[in-house]
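Below is one structure, written out as structure tokens; comments come after it.
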Amino acid sequence: MFEKLDFTNKVHEIVRNIPKGNVLTYKQVAAKAGSPKACRAIGSVLNKNYNLEIPCHRVIRSDNSLGGYNRGSENKRRLLEQEGYEFKD
DNA sequence: CATTTGACGCCAA
DNA sequence: TTTGGCGCCAAAT
């Protein structure tokens with residue numbers, strides 16, 4: 001189903017399919033997109049993606065760190081907390 | 001077309 | 001455990 005989509009397009013679909021209260025790491029998204037080593041490319045794609053319909057704030061680093069956000073990292077953290085995801089260890 | 005940049009990840013010191 | 005450096009991929013210059 002995703003095989004015919006391009007890498008960037010796959011990433012958009014994958015991120016869009018992340019359920020509330022759940023988060024994925026860049027590595028996980030990259031793996032689902034078909035390129036486990038494209039973790040950097042994921043950030044590049046999401047960084048340029050301005051579609052609010054895509055919960056790009058649910059994508060975090062493999063270290064359980066926030067990572068970044070094109071709308072403000074602080075807002076990203078707030079969104080995750082609001083959805084029920086708690087970071088801290 | 002060649003090089004650099006960037007919301008990353010992993011390994012070695 | 002923390003830091004530095006290298007690798008990987010896509011988009012921008």
Side-chain angles (χ1 to χ4, degrees):
Chain A
M1 177 162 180
F2 299 110
E3 293 80 51
K4 305 177 81 170
L5 301 175
D6 293 303
F7 181 81
T8 306
N9 206 298
K10 290 182 186 176
V11 174
H12 287 158
E13 288 297 302
I14 293 165
V15 175
R16 192 196 276 259
N17 273 283
I18 301 177
K20 177 183 178 186
N22 191 295
V23 295
L24 286 177
T25 65
Y26 294 96
K27 188 177 173 186
Q28 287 291 311
V29 177
K32 291 171 184 290
S35 299
K37 309 201 166 193
C39 45
R40 282 203 90 167
I42 303 297
S44 219
V45 169
L46 296 181
N47 179 22
K48 280 122 193 194
N49 175 55
Y50 280 79
N51 190 345
L52 299 175
E53 299 178 43
I54 298 179
C56 41
H57 61 269
R58 292 186 185 154
V59 183
I60 61 175
R61 289 184 50 148
S62 62
D63 301 277
N64 293 302
S65 304
L66 264 180
Y69 194 51
N70 45 21
R71 294 295 184 274
S73 305
E74 302 186 23
N75 188 13
K76 178 177 182 178
R77 183 182 59 177
R78 188 195 300 182
L79 285 166
L80 291 174
E81 290 281 346
Q82 183 178 352
E83 293 183 352
Y85 174 75
E86 55 183 290
F87 12 178
K88 293 189 298 229
D89 206 43

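All values below were derived from every heavy atom in this structure, side-chain atoms included, with hydrogens, water molecules and symmetry-related copies excluded. Below, chains carry the letters A, B, ... as their sequence lines are ordered, and counting in each starts from 1. This structure is a prediction, so every number in the text was calculated from the model and none was measured.
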How would you list, by chain and number, every residue that makes a side chain to side chain contact (heavy atoms under 4.5 Å, CB included) with A:Arg40, sequence neighbours excluded? none

Across nucleotides 2-13 of chain B, 5' to 3', mark each nucleotide with B, S or - according to how protein heavy atoms within less than 4.0 Å reach it. ----BBBSS---

Between P on C:dC9 and CG on A:Asp6, what's the gap in Å once rounded to a whole number? 16 Å

My understanding is that only residues two or more places apart in sequence, or in another chain, count here; which of them pass side chain to side chain contact (heavy atoms under 4.5 Å, CB included) with A:Ala38? A:Phe7, A:Ala30, A:Ser35, A:Ala41

Could you tell me which residues satisfy salt bridge (Lys or Arg N to Asp or Glu O under 4.0 Å) with A:Arg71, sequence neighbours excluded, listed by chain and number? none

Mind checking the CD1-CG spacing from A:Ile42 to A:Leu24? Nearest 0.5 Å is all I need. 10.5 Å

Got A:Ile60 and A:Leu80 here, is their nearest side-chain heavy-atom distance under 4.5 Å? yes

Describe the nucleic acid contact of A:Ser73 in one word from base, sugar-phosphate, nothing, applying a heavy-atom distance below 4.0 Å. nothing

Hey, could you give me the CZ/SG distance between A:Arg61 and A:Cys39, rounded to the nearest 0.5 Å? 9.5 Å

Does A:Glu74 have any salt bridge (Lys or Arg N to Asp or Glu O under 4.0 Å) partners at least two apart in sequence or in another chain, and if so, which? none

To the nearest angstrom, the NE2-P distance between A:His12 and C:dA10 comes to 13 Å

Atom CZ of A:Arg16 with >12 non-hydrogen neighbours under 6.0 angstrom: yes

Between which residue ranges does DNA chain C form stems of three or more consecutive Watson-Crick or G-U wobble pairs, both distances under 3.5 Å? B:2-6 with C:9-13, B:8-13 with C:2-7

